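Have a look at the structure below, then the notes.
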Amino acid sequence: MEESTADKPLDFIRSIISEDRTNGKNEGRVHTRFPPEPNGYLHLGHAKSICLNFGVAEEFGGLCNLRLDDTNPAAEKTEYAEAIMADVRWLGFDWEERLHHASDYFDQLFDWAVRLIENGKAFVCDLNFEEMRELRGTLTEPGKPSPFRDRPVEENLDLFQKMKAGEFPEGSKTLRAKIDMASPNLNLRDPVIYRILHKEHPKTGTQWKIYPSYDFAHGQSDSIEGITHSLCTLEFEHHRPLYDWFCENLGIHHPQQIEFARLNLNYTVMSKRKMLRLVTEGHVNGWDDPRMPTLSGMRRRGYTPQAIRAFCDRVGLAKRENVIEMELLEYCLRDDLNRRAERRLGVLNPLKVTLQNYPEDQTEELDAINNPEDPDAGTRKIHFSREILIDRNDFMEDPPKKYFRMAPGREVRLKYAYYVTCKEVIRDESGEISELICSYDPESRGGGTADGRKVKGTIQWVDARTALPCSANLYDRLFSCPNPEENEDGKDFTDFINSGSLEVVTTARVEPSVSAFEPGQPFQLERVGYFCIDTNAVAEAGLVLNRSVALRDSWSKKTQGK
RNA sequence: AGCCUGGUGGUGUAAUGGUAGCACAGGAGUUUUUGGUACUCUCAGUCGGGGUUCGAGUCCCUGCCGGGCUGCCA
């Protein structure tokens with residue numbers, strides 16, 4: 001997994017950090033953090049941030065903290081916090097003893113707020129939401145000062161203590177920083193830094209009746225932890241002046257906030273809010289639905305940490321908005337699994353094949369290679385007998401040119417087994433093809449003959465008697481248009497959900513050794529795709545496979561194009 | 001509308017005043033007991049207009065286009 005970073009150009013963030021180090025800034029230290037809010041599950045966009053923060057720290061010999069940004073008990077849950085930790089660990093990153101919570105700093109934050117009041121830089125405001133909004137002004141007009149702006153320090157101190165003591169109802173008062181009501185940056189128009197919230201907090205319980213806002217908590221948390229580079233997404237750019245203002249006015253360690261463009265993927269959505277809706281409105285079956293771009297969903301689908309990390313390495317890092325193509329993600333998964341996943345044989349839609357010249361009650365075991373990309377993976381035995389099953393896709397009665405699978409009179413190779421020739425097509429009463437009668441060439445055992453005769457087509461098969469029945473979930477993109485977030489003329493993103501995003505195949509048959517895989521462990525069904533056993537399937541459902549990604553298929557691409 | 005921010009092939013990302021490169025996607029081919037993999041070749045780009053310069057994707061001016069901002073969310 002080690003790669004030479006020497007020849008790779010640095011992205012803009014690594015360039016800044018590299019320069020800071022050579023300039024001796026922060027005594028050459030590099031310390032980052034990944035600061036999710038525990039109000040939802042982590043998704044691919046978070047993975048980009050995780051890889052960035054932990055990756056940068058490692059590359060520069062620094063550290064990366066995990067910090068749960070739990071300043072809003074109205075939305076946050078312990079369940080989410082636990083899922084977040086599990087996901088980060090699963091991706092392969094270790095915060096060691098450096099798990100922090102913004103709530104760890106509530107006392108310190110409170111003291112700093114008091115200091116701001118004492119210095120005449122913050123005041124208690126009695127305005128309600130609407131009044132505050134009216135006085136804030138607009139994008140083009142400056143705001144007007146709150147009538148409470150010049151409240152005496154002593155009164156502010158007294159009121160703030162009473163807010164803390166829970167003496168006022170929610171929403172009745174706020175603590176605001178006194179900055180600049182005329183600033184073109186609305187965030188600087190006396191922003192709220194503490195609000196009254198009579199909510200129980202997962203960590204601090206009912207101890208607090210007031211909670212700091214993001215702006216008053218984030219930079220200070222970074223500061224307390226000795227963070228050197230605070231990496232965040234572009235939407236926080238307008239908050240940077242505030243971040244800087246608090247560090248400067250409090251006279252505390254001042255980390256450098258650097259913003260980068262968040263990850264977007266086409267044919268999906270990448271916002272917690274929208275994912276929440278998909279879940280609550282029942283468009284998907286939970287946060288870990290394999291169609292979801294959540295890490296838990298992707299894990300269940302069969303995505304590996306290695307593939308996701310490779311993807312994050314390849315998407316690039318810059319300030320410009322971007323939409324990555326799904327194909328890159330799929331490439332990263334195939335690239336990883338091609339090297340590591342063992343191969344098995346299986347058919348999704350079985351078609352019975354009887355070998356007329358194969359002895360009735362004979363069976364045999366044939367050798368199959370576990371992974372052609374990895375000799376160390378060894379070989380296994382697979383059962384063979386007179387009746388086998390192939391996939392219906394691999395037979396055509398009247399094939400087009402260049403089709404080199406099975407057809408009447410055509411000889412093909414059964415992978416690892418024999419050459420077979422189709423002699424007869426049998427139909428049931430409805431006219432549907434129900435069976436193929438074929439002959440086999442005993443000289444071709446293992447899949448080759450001494451005469452070196454060319455057999456172009458090779459197809460997978462399973463032994464009819466021993467193959468395991470199973471069902472397979474075939475997933476496709478969740479949305480039918482590339483950018484469902486961009487709703488044209490009043491349409492909602494849910495209007496674009498791909499009705500074919502999940503196809504359940506109940507007829508599949510696989511070689512018995514498939515059942516030996518651990519749930520979640522990736523393997524390839526040759527010529528079909530990469531799969532894993534579903535981790536959530538109930539026992540009564542039998543063997544349930546999730547298709548992680550199909551194999552590249554230049555044949556279907558070619559035929560569909562015409 | 002004001003402020004902030006950004007514009008390089010289809011997508012993403014390099015080139016820090018000196019040959020516009022890489023990856024994915026697309027196309028063609030070689031190899032192949034997976035129409036997979038691997039390998040080879042190929043298509044395709046500096047938002048427009050001015051300027052500075054021997055030389056501009058890069059610097060300056062200007063226009064156009066995209067994104068963000070009017071939560072007591074983060």
Side-chain angles (χ1 to χ4, degrees), chain A residues 8-11 15 35-37 39-40 69 71-72 74-76 102 125 127-129 132-134 136-143 170-176 183-187 189 191-197 210-211 213-215 217-218 232-241 259 261 266 272-273 314-332 334-335 338-339 343 345 368-369 372-373 402-405 413-417 419 444 446-448 455-460 482 524-529 550-559:
Chain A
K8 224 166 89 181
L10 299 180
D11 55 68
S15 301
E37 184 190 11
N39 69 341
D69 207 352
T71 55
N72 184 5
E76 296 150 9
C125 183
L127 258 29
N128 63 29
F129 284 93
M132 202 181 291
R133 171 151 35 87
E134 274 168 35
R136 185 153 35 226
T138 67
L139 265 11
T140 51
E141 305 155 17
E170 281 193 15
S172 62
K173 282 180 170 41
T174 57
L175 183 71
R176 296 223 256 162
S183 171
N185 181 344
L186 297 263
N187 293 132
R189 321 248 261 226
V192 169
I193 60 177
Y194 262 96
R195 71 286 210 195
I196 300 171
L197 240 35
I210 55 173
Y211 292 93
S213 64
Y214 166 85
D215 288 310
H218 202 94
C232 63
T233 45
L234 251 27
E235 65 268 28
F236 293 101
E237 215 159 7
H238 307 263
H239 292 255
R240 179 160 25 100
E259 310 86 14
N266 63 12
K272 268 193 222 173
R273 261 149 137 102
R314 282 169 181 264
V315 292
L317 189 68
K319 292 192 84 129
R320 81 180 80 129
E321 303 284 335
N322 62 82
V323 182
I324 308 291
E325 291 176 329
M326 185 70 84
E327 285 81 356
L328 180 62
L329 215 213
E330 296 182 338
Y331 167 81
C332 290
R334 291 193 191 106
D335 187 48
N338 174 52
R339 282 172 288 185
R343 317 287 137 120
L345 301 185
I369 294 167
E373 305 295 320
K402 296 270 189 76
Y403 181 88
F404 39 80
R405 279 110 101 150
R413 172 166 39 236
L414 297 179
K415 179 111 186 175
Y416 299 132
Y419 291 174
S444 63
V455 172
K456 185 78 172 160
T458 301
I459 62 176
Q460 83 280 16
Q524 182 195 112
L525 288 183
E526 295 213 36
R527 303 210 312 132
V528 183
L551 254 32
R552 275 189 59 196
D553 186 353
S554 53
W555 169 247
S556 75
K557 201 178 286 170
K558 197 184 290 181
T559 51

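Owing to the predicted nature of the structure, the values given are computational and were not obtained by experimental measurement. As a basis for the values below, the full set of heavy atoms in this structure was taken, side chains included, without hydrogen atoms, waters or symmetry mates. Reminder, nothing fancy here: chain letters follow the sequence lines and each chain counts from 1.
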Consider the side chain of [X], meaning its heavy atoms from C-beta on, and name the nucleotide among [options] that approaches it most closely.
X         : options                : answer
Asn322(A) : A74(B), U13(B), G67(B) : U13(B)
Glu327(A) : C24(B), G2(B), C72(B)  : C24(B)
Val192(A) : C72(B), G12(B), C3(B)  : C72(B)
Pro9(A)   : A14(B), A74(B), G35(B) : A14(B)
Asn338(A) : U34(B), C24(B), U37(B) : U37(B)
Glu325(A) : U11(B), C72(B), A74(B) : U11(B)
Leu139(A) : G35(B), U70(B), U13(B) : U70(B)
Pro372(A) : C73(B), C69(B), U34(B) : U34(B)

Just wondering, do [X] and [N] stack (centres under 5.5 Å, planes under 30°)?
X         : N      : result
Phe404(A) : G35(B) : yes
Phe129(A) : C72(B) : yes
Tyr214(A) : A74(B) : no

Identify whether any heavy atom of [X] sits under 4.0 Å from a base atom; if not, whether one sits that close to sugar-phosphate; answer base, sugar-phosphate or nothing.
X         : result
Ile459(A) : nothing
Ile324(A) : sugar-phosphate
Leu329(A) : nothing

query: Phosphate oxygens OP1/OP2 of G35(B): is one of them under 4.0 Å from a side-chain N or O of Arg527(A)?
result: yes
field: Under 4.0 angstrom between Arg413(A) side-chain N/O and U32(B) OP1 or OP2
entry: no
- prompt: How would you label the glycosidic angle of G27(B): syn (within 90° of 0) or anti?
  reply: anti
- prompt: Can you tell me which stems RNA chain B forms when a stem means 3 or more consecutive Watson-Crick or G-U pairs under 3.5 Å?
  reply: B:2-7 with B:64-69, B:10-13 with B:21-24, B:26-30 with B:38-42, B:47-51 with B:59-63
- prompt: Looking at G36(B), does its base get a donor-acceptor pair with the side chain of Glu373(A) below 3.5 Å?
  reply: yes
message: Under 4.0 Å between a side-chain nitrogen and a carboxylate oxygen: does that hold for Lys557(A) and Asp553(A)?
response: no
Closest approach of Tyr211(A) to Thr71(A) (non-hydrogen atoms, all atoms of both residues): CB-O, 3.5 Å
